Amino acid sequence: MYSIHTSTEEPNSRSPSSSSSLLSSENEIETDSDNQETDFLLGEKITHRKDKLSFKSQFMALLKKNYKIQLRSKKTNACIYIFTIIFLVYVFGIGLLVSKYLDKTIPENINPPSYSYDILDNKVINYSDLQFNSNYTFKSGLGPLVEELTLFTSRINKYKYPFSPGINELKDKSMMDRFLFQKFTRGSNLTLDGALLFHNLVLSNKDPTINFTVYYNSTDTRNLFIEMYKQAQAKGLTLYIPTYVNTVMRTSFEYIWKQDQSKDQNNLTDIMIGLKKFPQIKEKEVIDLMSFEQPFAFNFILHMLFPVFMVAVVYEKEHLLVDMMEMMGLKMEIYWLINFIFDWLLYILQMIIFYITLLILKFRFITQNDFSTHFILFLLWGNCLIFMAFFVSKFFKKVKTAYIVGIFLVIILTFVLPTYYWNISAQRDTSKISIFLMKCIPSISFVQALITISNASAIGQSGAKLSNANLGIRNIGSSYLMISVETIVLFFLTFYFNGGNLWLKKLFSNLRKKNKNKKNSSNTLDHSINNDDLLNKKSKDVKREDIRVKNCKDTIRILKLNKIFKGKDGNPNVHALSNFSLGIPTGIIFGLLGPNGAGKTTLMSILSGLISQTSGKAEICGLPLNGNNLHQIHKLISICPQHNCLWGNQTGKETLSFFARLHGFKGKNLKKRVDKILKELNLYKDREKLINKYSGGMKRRISLGIALIVDSKVVFLDEPTTGMDPSSKRKVWNVIQNNKKKRAIILTTHSMEEADALSDRIGIIARGQLKAIGHSQELKKRFGKGYKIVVQTSDTLKDLECHDFIMDLFPKAQLLNSLACNRQYEIPKKDVSLSKTFQIIENNKEKLGILDWGISQSTLEEVFLRITRESELDNF
Ligand SMILES: Nc1ncnc2c1ncn2[C@@H]1O[C@H](COP(=O)(O)OP(=O)(O)OP(=O)(O)O)[C@@H](O)[C@H]1O
């Protein structure tokens, strides 16, 4: 909310006033009685909208602009969505192929075929080592032993192990077959930790060895093994892994032996224990490649929009569109909000396509897991991805670089880093800190969550549920948390680095300013010393302007402005502006002339808040130019920058409509205003063409249209007619003239003709200093030396003869230049009598071989050249 301080505007409005100003009818702007403020200026009633740049108008303007741009980028977006589908089908196809060749299904009614009795490990425990209890009669079979073992095992487990193993007695191989048949046909619920298979049940003198094999269940007891391994390690023992059953046996034997040491052990025979994994049906080799590959594939797919998000921001930065919009009053919060909304919509669309594809292909990831587990994850990831792109975009100025690096980043974030993470997290000796640090990278937190959910839905698993802590849900929860925290951090970093009027940015910028002021306090003295020197060199009109500005109420007031650019790579500092003072009232076009590098653009950049001054003051409509007022000032200014800042994929009409909308125009008024300016700029018939298709001159005209379409109090026109043909130029001059009413316009140009035609006042600037100021005629009178005579002769001999003649006629004449029998002289005013000169030259024309000649008053160009030449000489 703001009000325009009309008290700060020059009340007399030295305006030669225009005829049909674009702003002439106040009711062109939609008014809202609650939002009006009325001032009286020389009896003229002026109505201002307090909130013409309201949140709503800015939001809607950006929304429409981005919507149009997105519509035109539909092919690029469609490519990403199509690629999403293709990639998922590819992942699915690979999984299918692998299972087809390696993972055979179980035939029905199996009569268990051959098993592979892989001998994993064999441990022979000699009786002498075990000292067995003599009370057991082995001759009658080993049943009691099994019972005993089971009993002891459970007793021991009460104290030592959290699980109670079950052991089955299998008397022969056919029993084993039956057992396995049941196990595989009834599914995986039949769990058994171990089984004993006896090879000789009847002991004889010939073969006194008890020979049995312990088969253990390598799948179900995996966790138990790990637990036991850890416990054994803690006690400094080496556990015989994976011989869980062996350990149980050993402990049991030892226990029995300890209990019955006193007993006679001579009758015992040797026991041979073999340890084997349960036999497995060969065909049941299930390779669940899908659960392994899908986290990485999903991670990649859901990173694909990252370069797109990044490039959209960098494009507007590269083409200075963000600066342009900010200078035209756009709040950066709204800019980021709209970018976020559009990126979010693009992401959601990708998510929908992603989900539909997964459903059609019946990925276990979708069918087995609770929907909420992955849906929450993907929503959180969407935010994180967008802010990651916003933050990273800070480091790029060019779209091409951003695009290439963006793609590389996606490869690093989705292939290189996750593979590395997966490797280190599988190693036992990796510290928790390394894992945590890796998880601080958002993409790693995301892939970790994907791995957890994917594992929970692997073949044989029942899927992840938010309520089920056993299925790694704690890991998913921690990933949710990590991603959320990372998103918040990226959010603040985005606003800190990329601008945005948040309290955070203000806080940091205030801190920075404090430090800067401290550092600069010593330098300021140096500047003032230099400035005193400069003051003595100033011309009278400039000194007069210095004094006038101190007390005037001009719309633009510049007081002793200095800008020093720090020299880089050993180069000296550049004083782009030195002690520059100037005032420009409303209704005036001020022509700012100066050679290349004089400081014109620097002055415009400072006044539009793009860069800050080193010292000195400036005010726009009474508002001092500083960080606090910048947004208010941006509402009052409009700019046609030196280089066109335009969206290539918007039409001319859309571009003007966007800026008009930004400033609160809507409905019929918006259309009327846009059409009017399009017609004035001779662009009406090309209004629906994309800017990309515009010629250089047309782009320039649209840039000028942007500066004039909004209801600004101050307009900066930086070389507005560059590249225009003479006819367009003249039309544009008319448009500028017609729009100067109620505005202060600063115009920089290298065309003296343009400055002469448009400027009510002209300032000539050289090496950052104002050298002369006044009306064009005043300057010509003051700085022009009189008349200029141009003579063209037929040949070199005649040329010399003619030169002598002129010098005899006007002894004080000064040869300005001589080129191919063309000479230009400058002659003091008092030496010339126009009628006499005309007569004498005409009489001698033939004799001197003069083909053509002319006499004219000094031009603005000559004034300009003289002033800048003198300034250069001063500096040597
Ligand atoms: N960002 C910068 N860093 C360092 N020096 C700069 C920077 N911008 C401008 N300058 C220097 O400041 C001086 C004034 O430059 P400026 O662009 O304001 O000139 P100009 O009058 O607009 O020139 P032109 O007519 O060519 O546009 C030049 O010497 C230029 O090299």
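Fair warning: this is a prediction, and the values are worked out from it, not measured in the lab. Counting begins at 1 with the first residue of the sequence. Order of appearance sets the numbers: ligands from 1, and atoms from 1 within every ligand.
- Summarising the geometry of V313 relative to S393, their closest heavy-atom pair is CG1-OG, 3.4 Å, with the distance given to 0.1 Å.
- Residue pairs meeting the ring pair (Phe, Tyr, Trp, His ring centres under 6.0 Å) criterion with at least one partner in residues 637-660, sequence neighbours excluded, are W647-F658.
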Chi angles and distances behind the side-chain hydrogen bond (donor to acceptor under 3.5 Å, both in side chains) call for Y335, E326: CA-CA 9 Å; Y335 170 77; E326 196 178 6; over 6 Å; no

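- For ligand 1, the protein residues within 4.0 angstrom (heavy atoms only) are F565, V574, A576, P595, N596, G597, A598, G599, K600, T601, T602, Q642, E719, H750.
- L592 CG to I773 CD1: the interatomic distance, rounded to the nearest 0.5 Å, is 9.0 Å.
- Inter-residue side-chain proximity for K617 and K560 is flagged as unmet; no heavy-atom pair is nearer than 4.5 Å.
- Taking the six-membered ring for Trp and thresholds of 30 and 60 degrees, Y315 and H319 have ring planes inclined between 30 and 60 degrees apart.
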